[in-house]
Amino acid sequence: MRVRSFGLIVFFLLTFFYCQKPPIPKLEESPPPLKIEKGLVNIRDIDPNIEIDLRYSTSENFTGSIIYPFQTCLLRKETAEKLKAANSEFQTYGYRIKIWDGYRPPYAQKILWEKVPNPRYVGNPTKGGSVHNRGGAVDLTLIDSEGNELEMPSLYDEFTYKASPFRKDLEPTVSKNLEVLVGILTKHGFKQISSEWWHYNDGDAKVYPLVEVDPKLWEK
């Protein structure tokens, strides 16, 4: 009787264990695929630590009008990757990049040219436009850990000699901030221009085509 009871117990135990379904391992959610249109990406998809403040999406710019009907900053993917590398290095100083302008649609270039038809500050849309129209240029500054902009040679969109990064009359603090900005950006493949301390071109921008993309595609 004991042998029979023992056998029944073993039978039920084996039946119980065999009937238990093995736990299904949780699959890690993969990130959504990177959205790319004509070579352009949302910079925040590449580096969410970059601050975005598109001035032409507000009236806080030299025109006093809203030029962009969007809030998304696009750049060439190659340019965005370079900017991410630069931003990582800035963060070792306690700083981050703040972007004022990135990809600029051709229609917006025409509007800006009508406001300031001076090729020193705005690219002529009938003569190749701006590197912004290729997604290979970025207007930016640096912010500290509290979000405060570092002191630089001038305000953004200052279309006078004050905006030049090559001025010899800069205060020591401004000169030091500019040195950090220029040094790291050029190290990561960007080129500065003489008229605007905030404007940087991707060193490979000449091979990027002029493109027409609607940034609102990323906002749907």
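On a predicted model such as this, the values are computed, not experimentally measured, just so you know.
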Do K35 and L217 pass the side-chain contact (heavy atoms from CB on, under 4.5 Å) test, and can you show the C-alpha distance, the side-chain angles, and the key distance before you say yes or no?
-> CA-CA 10 Å; K35 184 176 180 61; L217 291 173; 4.0 Å; yes
Are W198 and M152 close enough, and set up right, to give a side-chain contact (heavy atoms from CB on, under 4.5 Å), and what steps lead you there?
-> CA-CA 9 Å; W198 57 79; M152 292 293 177; over 6 Å; no
Given the rule in the side-chain contact (heavy atoms from CB on, under 4.5 Å) test, do L74 and V41 qualify, once you have shown the distances and angles that lead to the verdict?
-> CA-CA 5 Å; L74 304 184; V41 298; over 6 Å; no
Could you go through the side-chain hydrogen bond (donor to acceptor under 3.5 Å, both in side chains) check for T141 and E149 one step at a time?
-> CA-CA 7 Å; T141 190; E149 295 177 8; 5.3 Å; no
side-chain contact (heavy atoms from CB on, under 4.5 Å) between R104 and Y68, intermediate numbers included | CA-CA 9 Å; R104 183 183 301 159; Y68 297 163; 3.1 Å; yes
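A side-chain N or O of D202 and one of Y208 form a donor-acceptor pair less than 3.5 Å apart. For the 3.5 Å distance criterion, the side chains of H132 and Q109 fail to qualify, holding no donor opposite an acceptor. Between the side chains of T160 and E158, at least one donor N or O lies within less than 3.5 Å of an accepting N or O. Side-chain contact annotation: W197 with S154, donor-acceptor N/O pair under 3.5 Å present. Neither side chain, Y156 nor N61, offers a donor N or O lying under 3.5 Å from an acceptor on the other. A donor atom on one side chain and an acceptor atom on the other are found under 3.5 Å apart for N87 and D47.
At least one side-chain heavy atom of K115 sits under 4.5 Å from a side-chain heavy atom of F62. Two residues are said to be in side-chain contact when any heavy atoms from C-beta on lie closer than 4.5 Å; E81 and R76 fail this criterion. Residues L75 and L83 meet the side-chain proximity criterion, which asks for heavy atoms closer than 4.5 Å. Inter-residue side-chain proximity for P105 and V213 is flagged as unmet; no heavy-atom pair is nearer than 4.5 Å. For the pair S194/R120, a side-chain contact is recorded, criterion being any heavy-atom separation below 4.5 Å from C-beta on. Looking only at side-chain heavy atoms (C-beta outward), Y200 and I193 stay at 4.5 Å or farther from each other.
The existence of a salt bridge linking K38 and E212 is excluded, since no basic side-chain nitrogen approaches an acidic carboxylate oxygen closer than 4.0 Å. Using a cutoff of 4.0 Å between basic side-chain nitrogens and carboxylate oxygens, D204 and K206 are not scored as salt-bridged.
Within a 6.0 Å radius of CD in E179, no more than 12 heavy atoms belonging to other residues, nucleotides or ligands are found. Other residues, nucleotides and ligands place no more than 12 heavy atoms under 6.0 Å from the CD atom of E171. Within a 6.0 Å sphere centred on NZ of K162, heavy atoms belonging to other residues, nucleotides or ligands number 12 at most. No more than 12 heavy-atom neighbours from other residues, nucleotides or ligands sit within 6.0 angstrom of CG on L155. Under a cut-off of 6.0 angstrom, the local environment of NZ in K84 is sparse, with at most 12 non-hydrogen atoms contributed by other residues, nucleotides or ligands. Taking a 6.0 Å sphere around OH of Y93, one finds it holds 12 or fewer heavy atoms contributed by other residues, nucleotides or ligands.
For the atom pair CD1 of I67 and OG1 of T58, the computed distance is 10.0 Å after rounding to the nearest 0.5 Å.
Tested against D157 for a side chain to side chain donor-acceptor pair (under 3.5 Å), the candidates Y56, Y121, W100 yield a single pass: Y56.
Hydrophobic clustering places I52 together with L185 (ILVMFWY residues linked when any side-chain heavy atoms are closer than 4.5 Å, directly or through intermediates).
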